[in-house]
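Since the model is a prediction, treat every value here as computed from it, not as a measurement. Lettering follows sequence order; numbering is per chain, from 1.
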Protein chains: 2
Amino acid sequence: MGARLGGVTRTYHHGNLRDALLARAEEQLATDGVDGISLRSLARDLGVSHAAPARHFRDKQALLDALALVGFRRLDDGLARAVTEAGGAFDDRLRGLGRAYARFAIAHPRLLEVMYAGKHHPEASAELLAVARRGLGLVADAVDTGQRAGAVRDGDPDHLALLLFAAVHGVAQLATGDLLDGEPAADLLDDLLETCLRGLAAPTPAG
Amino acid sequence: MGARLGGVTRTYHHGNLRDALLARAEEQLATDGVDGISLRSLARDLGVSHAAPARHFRDKQALLDALALVGFRRLDDGLARAVTEAGGAFDDRLRGLGRAYARFAIAHPRLLEVMYAGKHHPEASAELLAVARRGLGLVADAVDTGQRAGAVRDGDPDHLALLLFAAVHGVAQLATGDLLDGEPAADLLDDLLETCLRGLAAPTPAG
DNA sequence: TACCCATGTTGTCAACGACAACATGGGCGC
DNA sequence: GCGCCCATGTTGTCGTTGACAACATGGGTA
């Protein structure tokens, strides 16, 4: 088969309906929010019958779960890139990670919402958690580097990473909810990051 | 009228349907999540017709907005209580505020979700923002106190308050989303709070 | 006393998620 | 090279829901 529609080779009827659904769902999500997504409207948009999506996602929730997974993967990519671009200094890496997270949140607020929605199916939850943890690992690595250099106070790197992550996540949440009183998210984030870095600094040897 | 049902005086048919709807909606929210709330099921539970709720909430969203308002008011009460119980020291006040916030978040995770959902009607948004800002004011007051005592670094108290709020909010979000790896939320919160307080400390006069 | 409006009711509609029964055609085993 | 099977897609249907319109009622007030 494979009809040409709009320059893109479509191989529906035995092809890539699943990906097409995800792509269209993400568009819909960005413009109309989670409630704007309906399996039936997705099917209509893609020219398939209303029951076709069920072959790929047993549930509406299953589709949202898949969307969340896409989001986490993309987020992870962004974080990984931030690390490589940040050079070796642990604090620059942490700053880069924080900014990358905020950038993602502001660029894809609705997607972030789906990613952190507590409604995922149990199986999906496990997978999502695993991917989320990968991002956290990048933070922990940077913290560990800081500790080895004697610049960061002692403590379980994972714990400290979670702490930093929570702070950045909080800013991102407020930013996407437009609860910042017009304060630029970047400013608040930088300030919070510096504050935390200062708070996490190893005690300077007395004298 | 006023029929006695279950020991509570009900004056439906000219009485308190609105409050009853809110109360029942909050129960439903706690047990089944936002999607578990349907205007029709609420009406059924309260023994009124399916269209009765529309007299009090033009929309399903309007009901959720009202629920959010209830939540913010209750949160504000908790925060205010925390301040009075914390004594005069600014840092104790901040700790008390942070813990009160986390306590609320963990006790009412779904409600918090509704409170921060970005879908509110515009009129409701304004009111919600006003109430939310009131809580933030308590934080700013404590920061201001710390600054006057020379213990907190310079800077707009509202800005610093927002910074602290974001951090605490982040922890609360992760906690309600069960994303803490089993780490007790209280521990993480305390740790983050201490870190931020340390980071916000005024530079000690050289020497 | 009579009217009006707040509140509640019945009826209806379109959209949706979910499910069941059925169709089809491509790839794989033989 | 042929035919069968299953992945994928279709049609049909059901119950639920939110929203709206037209109608009922009764309490407070002019």
Is [X] close enough to [N] that one of its side-chain N or O atoms is under 4.0 Å from OP1 or OP2 there?
X        : N       : result
Ser38(B) : dT16(D) : no
Arg44(A) : dC16(C) : yes
Arg55(B) : dC20(D) : no

(request) Please state whether the base of dG12(D) and the side chain of His50(A) form at least one donor-acceptor pair under 3.5 Å? (result) yes

[atom1] of [X] versus [atom2] of [N]: gap in Å, rounded?
X        : N       : atom1 : atom2 : result
Asp35(B) : dG18(D) : CG    : C1'   : 14 Å
Phe57(B) : dT17(D) : CZ    : P     : 18 Å
Gln61(B) : dT17(D) : CD    : C1'   : 16 Å
Leu63(A) : dA18(C) : CG    : C1'   : 15 Å
Leu46(A) : dG9(D)  : CG    : P     : 11 Å
Leu42(B) : dT17(D) : CG    : C1'   : 12 Å
Asp45(A) : dA15(C) : CG    : P     : 14 Å
Leu64(B) : dT17(D) : CG    : P     : 15 Å

Choose from [options] the nucleotide whose nearest atom is closest to any side-chain atom of [X].
X        : options                   : result
Lys60(B) : dA19(D), dA18(C), dT9(C)  : dA19(D)
Ala52(A) : dA21(D), dT10(D), dT17(D) : dT10(D)
Leu39(A) : dT11(D), dA18(C), dT17(D) : dA18(C)
Arg40(B) : dG11(C), dC16(C), dT17(D) : dT17(D)
Ser49(A) : dG9(D), dG8(C), dA18(C)   : dG9(D)
Leu17(B) : dA19(D), dA18(C), dG8(C)  : dG8(C)
His56(A) : dC19(C), dT8(D), dA22(D)  : dT8(D)

(request) For residues Leu128(B) and Met115(B), determine if any side-chain heavy atom of one lies less than 4.5 Å from a side-chain heavy atom of the other. (result)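 Side chain of Leu128(B) against side chain of Met115(B), heavy atoms only: no contact under 4.5 Å found.
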
(request) Begin from the C-alpha positions of Tyr116(A) and Phe72(A) and carry the test ring pair (Phe, Tyr, Trp, His ring centres under 6.0 Å) through to its verdict. (result) CA-CA 10 Å; Tyr116(A) 286 105; Phe72(A) 272 115; 5.6 Å; yes

(message) I'd like to know if Asp178(A) pairs up with Lys119(B) as an ion pair, taking the criterion as any Lys NZ or Arg NE/NH1/NH2 lying under 4.0 Å from an Asp or Glu carboxylate oxygen.
(response) no

(request) Hey, can you tell me if His169(A) and Phe165(A) have their rings parallel, tilted or perpendicular (30° and 60° cut-offs)? (result) parallel

(message) If we check side chain to side chain donor-acceptor pair (under 3.5 Å) with Arg93(A), which of these qualifies: Thr84(A), Thr145(A), Asp141(A)?
(response) Thr145(A)

